[in-house]
Trainee: 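My questions will all concern the structure given below.
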Amino acid sequence: MNLPQAFIERTRQLLGETQYPLFEEALQTEVPVSIRPNRMKYDKPVEGEPVPWASSGMYLKSRPTFTFDPLFHAGCYYVQEASSMFIEQVVKEYVSSPVRALDLCAAPGGKTTHLASILPKGSLLVSNEPMPLRAQVLAENVIKWGAPASVVTRNNPADFTPFRNFFDLVVVDAPCSGEGMFRKDSFAVEQWSVANVELCVKRQREIVASIWDSLRPGGLLVYSTCTFNREENEDCVAWISEELGATPLSLNICDDWGITGSLAGDIPAYRFIPGYTSGEGFFLALLRKNGDAPLNQPRQVRFQQPAVKIRNEVCNWLQSSADFEFVQQGECVMALPKEHAVAMLALQQKMRVLHFGISLAEIKNNKLLPMHSLAMSTALNSSAFPIVELERDKALAYLHRESLLLPDAPIGVLLLAYHGTILGFVKNLGNRANNLYPAEWRIRKNPMDL
């Protein structure tokens with residue numbers, strides 16, 4: 001890897017003559033592979049070494065072809081860089097009761113699916129991504145993860161201005177110069193420059209300032225990047241603290257985790273540096289917004305309830321229908337967790353919402369056709385539908401969105417499963433089964449292409 005000379009000089013000065021050689025050597029090695037199982041769906045053991053700061057994170061010995069694993073598409077695990085799993089320590093130490101949380105720059109979904117698993121029960125998680133294509137990937141990953149109290153939006157940070165004091169916790173994994181991506185992304189190396197670092201600093205401060213009023217006084221801000229320089233890290237945290245009014249907070253960590261502290265000033269900060277920690281470059285700081293105030297509660301929002309006949313049918317599709325508010329929007333029937341229904345609908349009124357709650361069914365020709373969001377949800381009552389277990393080849397054919405033949409299966413809407421895990425719906429007609437897997441999610445690669 002040919003590192004830019006300016007990067008070498010700046011990083012050598014930052015790390016020091018003792019640390020820098022080990023760091024540079026580590027950049028020439030393979031990137032560690034790590035996953036985080038979804039324990040709401042998958043309780044089987046995973047072979048590998050535990051990620052010490054994440055309760056379910058695992059380092060794998062090698063990188064399998066995840067694309068051709070049906071369990072990956074079923075949301076049984078997320079392929080996530082180990083360092084970014086450190087956000088679990090924030091929740092473990094500072095979040096003990098239900099919160100309303102915002103993951104502001106959430107695509108493709110690593111931290112957001114992690115938060116969905118570890119936030120206290122009863123929490124609401126809003127995951128946002130302004131870039132259209134990345135937002136679609138985020139929505140797909142959130143739906144596959146299956147947490148009902150989730151919202152996915154596609155907005156700029158400033159669009160949250162109407163939601164003053166709306167969140168207890170805001171996570172800003174800020175767009176950055178990507179120095180921590182050098183090992184696995186040659187394009188990041190080519191695009192790096194001091195001028196781009198300065199541009200990123202300006203952008204990061206604008207993003208935090210835009211969202212600041214949406215975080216209630218007394219609430220928590222997680223600021224993170226995947227870069228090494230002090231301007232985008234410690235200097236930005238100092239700016240947030242001094243200009244916006246916040247107090248940096250420390251976290252309890254173990255010495256043998258290999259996490260480096262602040263490299264500029266005495267601000268509590270946590271750096272993951274290749275050669276010292278098993279992972280990619282990552283920086284995290286936690287701040288508490290000065291003051292104290294309760295969450296603002298949105299006004300009641302009018303919504304259409306489905307007809308009694310429809311409601312009675314879809315109620316049977318959920319494990320605990322009493323926990324949900326049922327809403328009809330056009331031809332779509334949805335279930336929203338009762339304690340968050342008003343907040344979810346308020347967000348939908350003012351934001352570009354790609355997904356919220358559980359999309360249960362589409363009304364077609366006065367009949368209900370179950371939607372894939374329901375199949376992926378951890379609230380699904382799978383006993384409401386016949387289940388057909390598939391072998392791997394047929395499971396992959398389903399995920400390619402090919403037509404299937406299920407001659408021995410019942411006629412009607414069925415759930416397909418692989419190793420006991422739900423993959424999605426089909427409508428079996430006898431002579432063929434209509435594949436109801438979302439067309440935009442289908443596997444496009446063929447094993448022979450590898």
Trainee: Does a side-chain heavy-atom distance below 4.5 Å link D159 with T153?
Mentor: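 Side chain of D159 against side chain of T153, heavy atoms only: no contact under 4.5 Å found.
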
Trainee: State which residue, out of F228, F272, Y276, fulfils the ring-ring contact (aromatic ring centres under 6.0 Å, His included) condition with F23.
Mentor: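 That would be F228; it is the only one of F228, F272, Y276 passing the ring-ring contact (aromatic ring centres under 6.0 Å, His included) with F23.
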
Trainee: Can you confirm if the aromatic rings of F425 and F385 lie within a centre distance of less than 6.0 Å?
Mentor: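 Yes, they do, as the ring centres are separated by less than 6.0 Å.
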
Trainee: Applying ring-ring contact (aromatic ring centres under 6.0 Å, His included), which residue pairs with at least one partner in residues 118-173 are found, sequence neighbours left out?
Mentor: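 Counting only pairs at least two positions apart or across chains, the ring-ring contact (aromatic ring centres under 6.0 Å, His included) contacts touching residues 118-173 are F163-F166.
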
Trainee: Please name the pair of heavy atoms, one in F182 and one in A188, separated by the smallest distance, quoted to 0.1 Å.
Mentor: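 That closest heavy-atom pairing would be CE1-O, 3.5 Å.
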
Trainee: Can you tell me if CD on E339 sees more than 12 non-hydrogen neighbours from other groups inside 6.0 Å?
Mentor: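 Yes, because the 6.0 Å sphere around CD of E339 holds more than 12 heavy atoms from other groups.
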
Trainee: If we only count heavy atoms from C-beta on, is the M181 to F187 side-chain gap below 4.5 Å?
Mentor: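 Side-chain contact under 4.5 Å: no.
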
Trainee: Any carboxylate oxygen within less than 4.0 angstrom of a Lys/Arg side-chain nitrogen, looking at R10 and E231?
Mentor: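 Yes.
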
Trainee: If you compare all heavy atoms of V91 against all heavy atoms of I118, which two are closest, and at what distance to 0.1 Å?
Mentor: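 That would be CG1-O, 3.5 Å.
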
Trainee: Answer whether the closest heavy-atom distance between the side chains of Q80 and H114 falls below 4.5 Å.
Mentor: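 Yes. Closest side-chain heavy atoms under 4.5 Å.
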
Trainee: Taking all heavy atoms of I267 and all of S262, pick out the closest pair and write down the distance.
Mentor: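 So the minimum-distance heavy-atom pair works out to O-CB, 3.1 Å.
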
Trainee: Is it the case that atom CD in E389 sees more than 12 heavy atoms from other parts of the structure closer than 6.0 Å?
Mentor: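 Enclosed.
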
Trainee: Do other residues, nucleotides or ligands put more than 12 heavy atoms under 6.0 Å from E47 CD?
Mentor: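 Check fails, neighbour count at 12 or below.
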
Trainee: Verify the neighbour count for atom CD of E25: are there more than 12 heavy atoms of other residues, nucleotides or ligands below 6.0 Å?
Mentor: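 No, because the 6.0 Å sphere around CD of E25 holds 12 heavy atoms or fewer from other groups.
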
Trainee: Should V152 and T112 count as side-chain neighbours, where that means a heavy-atom distance under 4.5 Å?
Mentor: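 Counting from C-beta outward, V152 and T112 never come under 4.5 Å.
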
Trainee: Nearest 0.5 Å please: distance from the CZ atom of R352 over to the CG atom of L347.
Mentor: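 Between atom CZ of R352 and atom CG of L347 there are 13.5 Å.
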
Trainee: Does E232 use its side chain to pair, donor to acceptor, with the backbone of S177 at less than 3.5 Å?
Mentor: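 The answer is yes, because a donor-acceptor pair under 3.5 Å joins these two groups.
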
Trainee: Y77 and Y42: aromatic ring centres closer than 6.0 Å?
Mentor: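 Y77 vs Y42: aromatic centres not under 6.0 Å.
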
Trainee: Atom CD of residue position Q28 - does it have more than 12 heavy atoms of other residues, nucleotides or ligands inside 6.0 Å?
Mentor: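 Enclosed: over 12 neighbouring heavy atoms sit under 6.0 Å from CD of Q28.
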
